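First comes the structure, then the notes that go with it.
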Amino acid sequence: MVSRILKTLLRCVMVMAFMAGTAVVTAAPAQADGCYTWSRTLREGTSGADVTQLQIRLSGYPGQGAVLAVDGSFGPATKAALKRFQSAYGLASDGVAGPATYSKIYALQDNDCTPIHFTYAELNKCNSTWSGGAVGAATAKSNALRTMWKLEALRHALGEKPIRVTSGFRSKSCNAAVGGASNSRHLYGDSADLGAGPHSLCTLAKQARHHGFRGILGPGYPGHNDHTHVDHRASRLWSAPTCGI
């Protein structure tokens, strides 16, 4: 947070100097404080760990009904997702990840690489270790990170109003305590239950179809009249009959 304030002050000083006719040295590319910094321009045909990091942050922009693969290979689907991200934030929609795209991503993420409007604690109200689920702790936490970036895209698409997460990762004991299904996606860390707030449950369910969720269960589906559930299961299951889904 402090670094962001300093960057904002620096931009203001530079603008004032320019207006006064003073020569201003071009600022260095924005850096991701405590998280991840890209060192090269990425475009279709490139591959590597930096592409993987980009894809995680583009997870919420695959297009309706689609899911973006996080595989480190920059193909047509990644290019299309990037163009949607760029368009959503008013950037040149060229499908090439360069300084402008990275600056926007840096502004959207915190030091732990989570998006600024969601936290690990919000996605795990069960324990602090991410252990005890259907997958290893590291996998569960990684799945939750991708879910948060999808939720960030959902939030932006709905006008930047808060989204209330009521449940995320659960260990087997936590899941049993709340009466969750034995095969619940909560055990994998890749799901979230969303409560009503600025948006209705149906609004959340309908918009979620555009943001990479294979599982969407909401009002009208048994046991889901008080929340909308989203997840990343192996095959699509969208059911919120009250919402026309």
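As the structure is a prediction and not an experimental result, all values here were calculated from the model. Each residue takes its place number in the sequence, starting with 1.
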Give a yes or no answer on whether the side chain of [X] reaches the backbone of [Y] with a donor-acceptor pair at less than 3.5 Å.
{"X": "Arg84", "Y": "Pro62", "answer": "yes"}
{"X": "Ser103", "Y": "Ala100", "answer": "no"}
{"X": "Ser59", "Y": "Trp149", "answer": "no"}
{"X": "Arg209", "Y": "Lys206", "answer": "yes"}
{"X": "Asn127", "Y": "Ser131", "answer": "yes"}
{"X": "Asn175", "Y": "Ala181", "answer": "yes"}
{"X": "Ser191", "Y": "His186", "answer": "yes"}

Subject >> Geometric cation-pi criterion, Arg40 with Trp38: 6.0 Å, 45° >> reply: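 So Arg40 doesn't make the cation-pi contact.
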
**OP:** Validate the cation-pi geometry between Lys141 and Phe169: distance from NZ or CZ to the six-membered ring centre under 6.0 Å, angle to the ring axis within 45°.
**Re:**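 Relative to the ring axis of Phe169, which defines the angle, Lys141 lies outside at least one limit.
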
Original post:
Roughly how far, to the nearest 0.5 Å, is the NE2 atom of His211 from the CG atom of Leu204?
Top reply: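 One finds 10.5 Å between CG of Leu204 and NE2 of His211.
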
Subject >> N-O pairing of Asp94 and Lys83 below 4.0 Å >> reply: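 Looking at Asp94 and Lys83, the cut-off is not met.
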
Original post:
Does the pair Asp193/Arg164 count as a salt bridge with the N-to-O cut at 4.0 Å?
Top reply: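 Looking at Arg164 together with Asp193, the answer is no, because their closest N to O distance does not fall below 4.0 Å.
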
**OP:** Go through the steps to decide whether Thr203 and Ser200 satisfy the test side chain to side chain donor-acceptor pair (under 3.5 Å), and finish with yes or no.
**Re:** CA-CA 5 Å; Thr203 295; Ser200 70; 2.9 Å; yes

**OP:** Determine, step by step, whether Glu152 and His156 satisfy the side chain to side chain donor-acceptor pair (under 3.5 Å) criterion, reporting the C-alpha distance in whole Å, the side-chain angles of both residues, the deciding distance to 0.1 Å, and the verdict.
**Re:** CA-CA 6 Å; Glu152 185 71 24; His156 184 66; over 6 Å; no

Of the non-hydrogen atoms in [X] and [Y], which two are nearest, and what is the gap between them?
{"X": "Ala208", "Y": "Val230", "value": "CB-CG1, 3.9 Å"}
{"X": "Ala121", "Y": "Lys125", "value": "O-CG, 3.7 Å"}
{"X": "His117", "Y": "Glu122", "value": "O-OE1, 3.8 Å"}

Subject >> His224 side chain to Asp226 side chain, donor-acceptor N/O pair below 3.5 angstrom >> reply: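 There is no such pair between these side chains.
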
**OP:** Please lay out, stage by stage, how Gln109 and Thr114 fare under the test side chain to side chain donor-acceptor pair (under 3.5 Å).
**Re:** CA-CA 6 Å; Gln109 67 184 12; Thr114 59; over 6 Å; no

What I'd like to find out is whether the side chain of [X] reaches to under 4.5 Å of the side chain of [Y], using heavy atoms alone.
{"X": "His232", "Y": "Arg185", "value": "no"}
{"X": "Tyr61", "Y": "Lys150", "value": "no"}
{"X": "Arg214", "Y": "Trp238", "value": "no"}
{"X": "Leu217", "Y": "Ser239", "value": "yes"}
{"X": "Ser184", "Y": "Asp231", "value": "no"}
{"X": "Leu154", "Y": "Leu194", "value": "yes"}
{"X": "Val96", "Y": "Leu42", "value": "no"}
{"X": "His199", "Y": "Lys161", "value": "yes"}

**OP:** Could I get the full list of side chain to side chain contact (heavy atoms under 4.5 Å, CB included) partners for Ser87, not counting sequence neighbours?
**Re:**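 With neighbours one apart ignored, the set is Ser93.
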
**OP:** Applying side chain to side chain contact (heavy atoms under 4.5 Å, CB included), name anything that partners Ala134, two or more places apart in sequence or on another chain.
**Re:**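 Partners of Ala134 under the side chain to side chain contact (heavy atoms under 4.5 Å, CB included) test: Leu187, Tyr188.
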
**OP:** Go through the steps to decide whether Thr166 and His227 satisfy the test side chain to side chain donor-acceptor pair (under 3.5 Å), and finish with yes or no.
**Re:** CA-CA 8 Å; Thr166 60; His227 68 281; over 6 Å; no

For a quick test of your reading: what N or O donor-acceptor pairs under 3.5 Å do the side chains of residues 65-81 make, sequence neighbours left out?
{"residue": "Asp71", "atom": "OD1", "partner": "Gln55", "partner atom": "NE2", "Å": "3.1"}
{"residue": "Asp71", "atom": "OD1", "partner": "Ser73", "partner atom": "N", "Å": "3.0"}
{"residue": "Thr78", "atom": "OG1", "partner": "Gln55", "partner atom": "NE2", "Å": "3.0"}

Original post:
Should Tyr221 and Ile216 be regarded as members of a common hydrophobic cluster, given that ILVMFWY residues are connected when their side-chain heavy atoms come within less than 4.5 Å of each other, either directly or indirectly?
Top reply: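 Tyr221 and Ile216: separate clusters.
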
